[in-house]
Structure formats: C-alpha cells, structure tokens
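The structure under discussion appears below in the form of structure tokens.
Computed from heavy atoms alone, side chains included, the values below leave out hydrogens, waters and symmetry copies. Chain naming here is simple, since letters A, B, ... match the order of the sequence lines and numbering starts at 1 in each.
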2 protein chains.
Amino acid sequence: MRETESAAEARPYHHGDLRRALIDAARRILETKGPAALSLRAVAREAGVSPAAPYHHFKDKGELLDAVADEGWRILNEAMKAAGENAPSPRAAMPSLGVAYVCFAREHPALYRVMYKRSRDKEALPEHLHEGEDSAYCRTRDTLIAAGADPSDPVGLELATIAAWCAAHGLAEIGGFQQFAHLKEALGGEEAFFRGVFEHMGVFARGLND
Amino acid sequence: MRETESAAEARPYHHGDLRRALIDAARRILETKGPAALSLRAVAREAGVSPAAPYHHFKDKGELLDAVADEGWRILNEAMKAAGENAPSPRAAMPSLGVAYVCFAREHPALYRVMYKRSRDKEALPEHLHEGEDSAYCRTRDTLIAAGADPSDPVGLELATIAAWCAAHGLAEIGGFQQFAHLKEALGGEEAFFRGVFEHMGVFARGLND
DNA sequence: AACTGAATCTGGACGCCGTAAAGATACATC
DNA sequence: GATGTATCTTTACGGCGTCCAGATTCAGTT
C-alpha cells in the first residue's frame, strides 16, 4: 500500500542485508551507550526495523552477540598481527603483542566485554583463535619461541602461552580501574603503565619460581 | 487479618533480618542457577517476600549485588590469608597465594563473576582490598617482598603486585575454558594446571624482558 | 506475464524484569 | 494506649526477550 515511496525515506520492506546492518547497529550502540544499553530491541530500533525482525537472521540475542564478538576477535587479531610485524626485533615482539592486546581492550571496552561475556557463557574461546598461523594464540606461541622459549617442550610452551594470555587479559580487565590512575600519571600515560606492568611480570614470576 | 498463624508457616509480617536473608538468597541462587538467574524478583521470591521488599534495604539491584560481592571479597581474603599462613616457607607463599586465588574463583564462579562485574561497572576495585595488613592486595605485595622483590622501589613493587593480580585474575577467568581440558588431564587435575601456568609465567616474562 | 512457494518483515501478545507509589501492618517510644 | 516510623504488600508502568499469525516482497516456473 505504500504507493508514493518517492520521499527520501524509501525504506523498502526487505532490507537487503539486515544481518550486516544489525551487527553494525549493535556495535554503534556498544560504542556510544555501552554494553548495558545493548538490547535486541534497541539494536532493531537502531537498524530501523521491528523488534522481531532480527529473529530471521539470528536464533536469539546470544547469536547476534556472537557475531559481534566475532568481529571483535577479528579486529584484535589484526591489531596483534600488525604489532608483531612492526616490532623492531623478534625480541621486542613479545611486549608489543601484549601492549597491542591491552590497548585494543581499552580502546573498545564494551566490545571486549561482549567478547569475553560470550566466551564465559560458553566456557570456551572461539575456535578460530587457535587455528592457523595468523591466529592470535598461535602468534603468541611463536613469538614466545622467537623470544627464547623451548620449542621442544610442547606442554611447557602451551602453559607459557596461556600464562601470557592470562597476563594480558587480566591487565585488560584490571588496567582501567581508578586505583591505578596515579601510576598512569606517574609513568606518563596508560600505555606506559601497561608496559610497566608487563615488565614487572618478571618480578612476580621470580617470586614464584626460585 | 492473619488470625490463626498457628501453622508452621508462621512468616511474621516483619522478617527480622531481611537484608541478611536477601544476601543469602542471592548467593543460593548464584550457586544453584548461576548469574543469569539472579534477578531482584527471584531473590525476593527465594526469601519469601514481595518483589518490592528489597528496596527498604538496598537502593537498587546494584546495591544488593555490591553486598553479595563484598562477601565474596571477604571469603577470597580469608582463603588467601589461610594460603599465606599455611605456606611451608616464605618462598612457597607466592604460588600458594595465586593458586588459592584461582581456586576460589573456580569454586565460586558465579560469585566471582558478580564481584568483577560490579567492579567493572564502577571501574574500581573495592577500597578495602587495598587497606590494612590483611587485605589481599597488601598481602600479595608483602609476599612479593618476602620472595625477593625490592622494597625500596615503591613503583616497581606496585607494578609487580598488579602484575601478579593480573595473572591471577586472567587465569581465574580463562582457566575454565574447555580448550584447556586436555592440559588439566595431562597434568593431573585443575590445580596442577593452575600451578603449571603460574610456573610458566617466568617463560613469558623472560620473553618479555631480556 | 501470471502463479506459486519461500524468505523476510510487521504487529501484537506473553511473561519476565527493575522500579516507583500508595496503602497495610507491626514495632517502638512515650 | 496513642502515635510515629520502619517494614512489607499491592498495584502499576515501561522495557525486555521471544513467539506467533499475518502482510509483503522476492525468485523461479510455466
């Protein structure tokens, strides 16, 4: 019955690529209003579509969040790839990877929260994190080898990679707390603070081991 | 109008200590049904009280969660205190602290999630974590000193303490993922896996530093 | 070009949620 | 015993995730 779709509104009944539009709308909401405002209805509203429309593209809200999270992991992957390749030396690659990880999390805090919320709900990281040379996990492992880890001890190598991941994730979640504002100021910025924590991971590790 | 409160039900109109009962009910729900089921209404239901009753004891849902989280931090504090005091030597105290931290998180995953969800929402850890000799943060710092950290470098000491906290929190959140089930099996249990990750934090740290 | 079936979107409904306001009930103090 | 205050209930509102029936459009056949 919409006879005069002459005006600029011109929303056709079929959207074209609503799935894509929904993911974009979700990311827009995440960045502007934060994770608490990310309701399925709000996403549909933002995309200019009825509250039930998303159900033709996602089984439920969780599946939409999975799609959003997946983009987050992809972006993180690329940030770490760039950090690893741009490192001045293989030696310097490891801290660069860590800082890139934490900076991604601090630059996209809402997205990062969605990524880990979904992972915790499923009690598993996305599979593709561990697959392929370019995956963040494998890059971390290979960088550890390049930095001197023993490649002939697969279990130890995996444990060290997990340790690195734990340190980065922990710092990503904790680094934003107000309690550490004075340190960021004293060290001259957030990134310097992150680097400082990573550098002092050795003090902690020595306290653990010998 | 309740003329015959003879029966065993006998719920008086005034509860007595509803605040306490609500916190307990919340923790019961957390342990049995998980964080997703923790609605204010469900808590009120579990405590046998109307949906609006909690508002006489907590400003909103967040304040109730804060109270629950606070109990969590207290329990964690005690677990770490016990771990620190029962350590066979000052040297062994550090890994014991870490394992105690992670084990607490894995034994009370829902509670742990509430604790950090509230902290992230407020972008700050609870203040009392940093106050007093018995606080978890100070205990970690002092244990680091006992394990050989330089006490005359306050910034470095703080960074190392944060590093330790990051490692523990990261492992607490990541350690439950299915991807690592094979490692737990290979190493003979979850606690051994945790210990293994902590021990290999040094490999990661060496990769970072020299 | 008209018909048909499948894909997509709307509108409305259900039960749950957090929260607020107004009224009922019990306690405390005088 | 009366009165004020703290506590609890009832009712209500808007928002949420999700389902269902119907409207609309698209794609393929003839």
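- Computed from coordinates, the Leu18(B) CG to dA6(D) C1' distance equals 12 Å when rounded to whole Å.
- Rounded to an integer number of Å, the gap from Asp121(A) CG to dG17(D) C1' is 15 Å.
- One atom, NZ of Lys59(B), and another, C1' of dG18(C), lie 13 Å apart when rounded to the nearest Å.
- The nearest whole Å value for the distance from the CZ atom in Phe58(B) to the P atom in dC8(D) is 11 Å.
- Note: Trp165(B) and Tyr101(B) have perpendicular aromatic rings, judged against thresholds of 30 and 60 degrees for the angle between ring planes.
- Relative ring orientation between Phe180(B) and His130(A) is described as perpendicular, the plane-to-plane angle rising above 60° on a 0-90° scale split at 30° and 60°.
- Set against dT18(D), dT9(D), dC16(D), the side chain of Val49(B) has dT9(D) as its closest nucleotide.
- Considering only side-chain atoms of Ala52(A), the nucleotide from dG18(C), dC19(D), dT18(D) that sits closest is dC19(D).
- Atom NZ in Lys61(B) sits roughly 14 Å away from atom C1' in dG15(D) (whole-Å rounding).
- Between Phe104(B) and His108(B), the gap from one ring centroid to the other is short of 6.0 Å.
- In terms of position along DNA chain C, the nucleotide closest to His56(A) lies nearer the 5' end than the nucleotide closest to the other residue of the pair His56(A) and Arg41(A).
- In this model, the phosphate group of dG11(C) is not approached by any side-chain N or O of Ser50(A) to a distance below 4.0 Å at OP1 or OP2.
- Between the side chains of Tyr112(A) and His169(A), at least one donor N or O sits under 3.5 Å from an acceptor N or O.
- The interatomic distance linking Leu65(A) (CG) with dG17(D) (C1') rounds to 12 Å, in whole Å.
- Atom CZ of Arg45(B) is separated from atom C1' of dC8(D) by 17 Å (rounded to the nearest Å).
- A side-chain donor from one of His128(A) and Asp70(A) sits under 3.5 Å from a side-chain acceptor of the other.
- Distance from the side chain of Ala53(A) is smallest to dC9(C) among dC9(C), dT18(D), dT10(D).
- Summarising the geometry, the separation between CG on Leu40(A) and C1' on dG15(D) is reported as 13 Å, rounded to the nearest angstrom.
- With distances taken from any side-chain atom of Tyr55(B) to the nucleotides dC9(C), dT19(C), dT18(D), the minimum falls on dT19(C).
- Each of dC16(D), dT10(C), dT7(D) was ranked by its minimum atom distance to the side chain of His57(B); first place goes to dT7(D).
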